[in-house]
> 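After the structure tokens below, expect a handful of questions from me.
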Amino acid sequence: MKNYYQFSAEEVKQDINGKQEPLTAAEVKAHQEKFGPNELVEGKKKTTLQIFLEQYKDFLVIILIAAAIVSGFLGDAESAIVILIVITINAILGTVQTVKAEQSLASLKKLSGPEAKVLRDGSVVPIPSAEVTVGDIVMLDAGDYIPADGRLLESASLKVDESALTGESLGVEKMTDAIEGEVPLGDRTNMVYSGSFVTYGRGSFVVTGIGMETEVGKIASLLKTTSEKKTPLQVNLDQFGQKLSIIILVFCGILFGINVFRGGNIGDAFLFAVALAVAAIPEALSSIVTIVLSFGTQKMAKEHAIIRKLQAVEGLGSVSIICSDKTGTLTQNKMTVEQYYVNETVIPADKIDVKDSEQEKLMYFSILCNDSTNVDGVEIGDPTETALINLGSKLGLDIQKIRGEYPRESENPFDSDRKLMSTKHTIDETPIMVVKGAVDVIMGRTASIQCGDEVRAITPEDIEKIEAQNQSFSREGLRVLGFAYKAVSAEEELSLEDENNLTFLGLIAMMDPPREESMAAVAECKRAGIRPIMITGDHKVTAAAIAKRIGILEDESEACEGAVIDSMSDEELKNFVEGISVYARVSPEHKIRIVRAWQEKGNIVAMTGDGVNDAPALKQADIGVAMGITGSEVSKDAASMVLTDDNFATIVKAVENGRNVYQNIKNSIQFLLSGNFGAILAVLYASIAGLPVPFAPVHLLFINLLTDSLPAIALGLEPHSKKVMDEKPRPMNESILTKDFLTKIGTEGLCIGITTMIGFMIGLTGEGGNAVLASTMAFGTLCTARLVHGFNCKSDYPVIFSKRFWNNIYLIGAFLLGLVLITCVMTIPALDEVFKVQTLTFTQLLIVYGLALVNLPIIQLMKKIKLMFRKNK
Ligand code: ATP
């Protein structure tokens, strides 16, 4: 490959595209076909067959295979075959679940994939980075990821963080001049490289390499592909599962010893111990979590919240503080100019007179010192800036013509730390720097003022008047920009030092109404024990006015400026944050300190961000939330959740989803563990009482591997309930297995165990009773009771007489399927041998159904009583 940095931008374009103009649509297509997608080839994905085979790696499955082999040797071919069939079905179920979960995660990744802005057919369009091709011209702004390697065509104070490639974390200043001789990558200042990002300024480049042909592609094989980390809940459950497994294995070992000691057949005793272990060990816990989480994320994506890290779903349920930007998140980000202020006069937007020299100047400056465009109604750029050009168009000005007449010669791009932007143009043969920005910043840099056609030194009275006007606009919730200018040198590029000794021209005030749904979302937050906090770069009075309107703030004293916290120690800040609901004029560093202070007070904090400088705060927050529409690519990359509608209400909805997903996972676990516990209790009772073994191994395998998995998953997909928002946030470090939860599992397991044993005793001692009949009835009761128990696990509240009882069609489906299966086993004589059962009479079948069903009213009543106690407390 050529050393493109040694050539001029024109030569590079000529070499790659054979012309200077951007590629046409047909050429783009041809290049895409020739060069392929702009993607790094990841490590090989597992095939479905590999996933299927992996199901057999499970410790329990290996034991089961051993058990099948032992059965075969002992001459019990039927048991061996049944075990193998059951394991295979289980493996198929496991494969389907894993593949589905992976697919849903992959589609999620696609949704939040990076984008790039390219010049196509004469206009700038956003496209997925994967579609960028060689020869494309890519536009860059602060916060953009560089999608491919390329030669710069234009650089307006462009600075790029290339630390991913060079390890150098300081932004590298970029320019466009050709470089002589060979230089290392870090010194090729006219090139940009895929994987780095823009920290400051603006620019454009022509793509010279994509995908594996980029510098980062060449080292991609060295980069470790990051595998999905387990979520805290999964880790917590894995640990619990391991401990429980050891206890159960010891217990099964003892039971095996007792059975052999009593003179039982060693083979049978072994099979039974294995089956009991399989029945009792909740091996599906962690995979249930994955499935439910991945389904939950799909629902959230439909509701405009894309989860980038699975951990975030759990975390969302614990969020107790939401720090939100104002502009665009709580407000509509649809700015319209309402008032002008020039020469001590307020002029409503519809009364602006472009023939008045001062008003005309303000209007022209607001069009020139502006990066936004509006082509045929398609607005590109910051809404603050589009508002300015929209007003110009409305008043009959030709924006393109004005910009063509006074082209931009140099610029200091906008940056939210400095809160200023300036551009240089030659007006009436004088090189002029136009500056716009936050009023307080502009006023701090102003030395003179324009009054009519005259310019004179600014007086304290002038400043007082301007500030009073700024306050008055702000109290109405208006966003105010100040405009100033000065003559500068014709030759030199603008520098930040130039932004001093300015001449004040006027103010422009614009309205950004709150989003309609913000008020309800804020109220819901408060009901759910979550504190909403506004953090904005805007003026304190404007921010407080809007915050009051949507209910975030009650009293002005709850608002402060970011600078106030500069002098505070971290300890002081910790006490201070409690009383503040609105932070104005904040810099990105303040955001990090505020998040940290709340975290140190034991809170789980969600924080929104959009700019490149917000990335550290987004990483610091427990749930970093990026804006899908207005957010920079860097902020999206740092976030764990991306809002596709930039809306505060979506965060609150996501919290509700997070709480519901957590609750559903908890319900599935409760279902699995209480059922398993019921089975263990029945076996334990029988062995202590010296009764025959209540279940044949195949019974336990049937229940655990077939009829139980579907209701457990169905419970995870339970429709969401609004009730979760009536509760306080769940403490993050609270283990899912609280005392209360374990007590519930214990009592419900006890009910199932008792009814199972009653079935067993009726089969053993009733008319025509025998050990096989007893075992059949115990098996039938346990299996059906567990299916019925699915409905108990829908909610902590009694649901038996409510519509909610019927609202989960997956659960009803799983129940009916399970019921048909178990009924077939109990009533079809041909299956007797295979399943070690005795065909039941109609009365016996009714007894089994009746016993299983009894669990419903009893457990529902227990919920009701518990609820009454909780209310009385
Ligand atoms: P939020 O932080 O809630 O998104 P914001 O948009 O006001 O609010 P910033 O983008 O950091 O926050 O802007 C900070 C301040 O800089 C604004 O209040 C405004 O005074 C000024 N400002 C915003 N946009 C521009 C711009 N394009 N050019 C010049 N000044 C601007």
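Bear in mind the structure is a predicted one, so any value in this text is a computation, not a measurement. Counting convention: from 1, in listed order, for ligands and their atoms alike.
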> Check each heavy atom of Asp382 against ligand 1 and say whether those closer than 4.0 Å belong to the side chain, the backbone, both or neither.
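Near ligand 1, Asp382 shows its side chain, while the N, CA, C and O stay back.
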> Has the side chain of Ser155 got a donor or acceptor atom that lies under 3.5 Å from a matching backbone atom of Thr176?
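Absent.
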> For ligand 1, is Met534 a contact, meaning one of its heavy atoms is under 4.0 Å away?
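Met534 does not count as a contact of ligand 1 under the 4.0 Å cut-off.
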> Which protein heavy atom lies closest to atom 12 (O) of ligand 1, and at what distance to 0.1 Å?
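Closest protein heavy atom to atom 12 (O) of ligand 1: Gly537 CA, 3.5 Å.
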> Classify the side-chain pair Glu409/Thr426 by whether it contains a donor and acceptor separated by less than 3.5 Å.
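Per modelled atom types, Glu409 and Thr426 side chains form a pair under 3.5 Å.
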> Where is the nearest protein heavy atom to atom 3 (O) of ligand 1: which residue, which atom, and how far?
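Sorting protein heavy atoms by distance from atom 3 (O) of ligand 1 puts Lys326 N, 2.8 Å first.
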> Using a strict cut-off of 4.0 Å, indicate which atoms of ligand 1 neighbour a heavy atom of Asp325.
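Close to Asp325: 2 (O), 3 (O).
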> Which residue from Ser372, Ser416, Ser324 reaches closest to atom 11 (O) of ligand 1 through any of its heavy atoms?
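Of the listed residues, Ser416 has the closest heavy atom.
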> Backbone N or O of Val434 within a donor-acceptor pair of the Ser422 side chain at under 3.5 Å?
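Absent.
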> Does Phe473 have any ring-ring contact (aromatic ring centres under 6.0 Å, His included) partners at least two apart in sequence or in another chain, and if so, which?
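ring-ring contact (aromatic ring centres under 6.0 Å, His included) check on Phe473 returns nothing, list empty.
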> Could you tell me whether the side chain of Asp141 and the main chain of Arg202 form a donor-acceptor pair under 3.5 Å?
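Not a single qualifying donor-acceptor pair exists.
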> Using the side-chain contact (heavy atoms from CB on, under 4.5 Å) rule, pick out the option among Ile623, Leu643, Val319, Ile530 that qualifies with Ile651.
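Single pass found, and it is Leu643.
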> Can you name the atoms of ligand 1, numbered from 1 with element, that are less than 4.0 Å from a heavy atom of Gly437?
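Per the distance check, 29 (C), 30 (N).
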> Does only the side chain of Val439 get under 4.0 Å from ligand 1, or the backbone, or both, or neither? Count heavy atoms.
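The answer is neither.
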> Could you check whether any side-chain N or O of Ser474 sits under 3.5 Å from a backbone N or O of Asn470, counting only pairs where one atom can act as donor and the other as acceptor?
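At least one qualifying donor-acceptor pair exists.
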> Which pairs, with at least one residue in residues 362-388 and sequence neighbours excluded, count as a ring pair (Phe, Tyr, Trp, His ring centres under 6.0 Å)?
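As it turns out, the ring pair (Phe, Tyr, Trp, His ring centres under 6.0 Å) pairs with a partner in residues 362-388, which skip direct neighbours, are Phe365-Tyr485.
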> Starting from atom 28 (N) of ligand 1, which protein heavy atom do you reach first, and at what distance in Å?
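Checking every protein heavy atom, the shortest distance to atom 28 (N) of ligand 1 gives Lys436 NZ, 3.1 Å.
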> Of the protein's non-hydrogen atoms, which lies at the shortest distance from atom 19 (C) of ligand 1, and what is that distance?
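Answer, as residue, atom name and distance: Leu481 CD2, 3.8 Å.
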> Which of the numbered atoms in ligand 1 are below 4.0 angstrom from a heavy atom of Thr327?
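Near Thr327, the atoms of ligand 1 are 1 (P), 3 (O), 4 (O), 5 (P), 6 (O), 7 (O), 8 (O).
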> Regarding ligand 1, does Glu385 bring an N or O atom to under 3.5 Å of one of the ligand's N or O atoms?
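Checking ligand 1 against Glu385, an N or O pair does fall under 3.5 Å apart.
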> Can you spot which of Glu379, Arg403, Glu385 makes a side-chain contact (heavy atoms from CB on, under 4.5 Å) with Thr373?
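Considering Glu379, Arg403, Glu385, a side-chain contact (heavy atoms from CB on, under 4.5 Å) with Thr373 is found only for Arg403.
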> Among all protein heavy atoms, pick the one closest to atom 22 (N) of ligand 1 and tell me residue, atom and distance.
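The closest one turns out to be Phe414 CE1, 3.4 Å.
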> If you count the atoms of ligand 1 from 1 in the order shown, which ones are under 4.0 Å from a heavy atom of Thr536?
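By the 4.0 Å cutoff, the relevant atoms are 1 (P), 2 (O), 3 (O), 8 (O).
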> Under the 3.5 angstrom rule, does the side chain of Lys424 hit a backbone N or O of Ala490 as a donor-acceptor pair?
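Indeed, once roles are kept as given, a pair shorter than 3.5 Å links the two residues.
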> Give the residue and atom name of whichever protein heavy atom lies nearest to atom 23 (C) of ligand 1, and the separation in Å to one decimal.
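Ranked first by proximity to atom 23 (C) of ligand 1 is Arg479 NH2, 3.3 Å.
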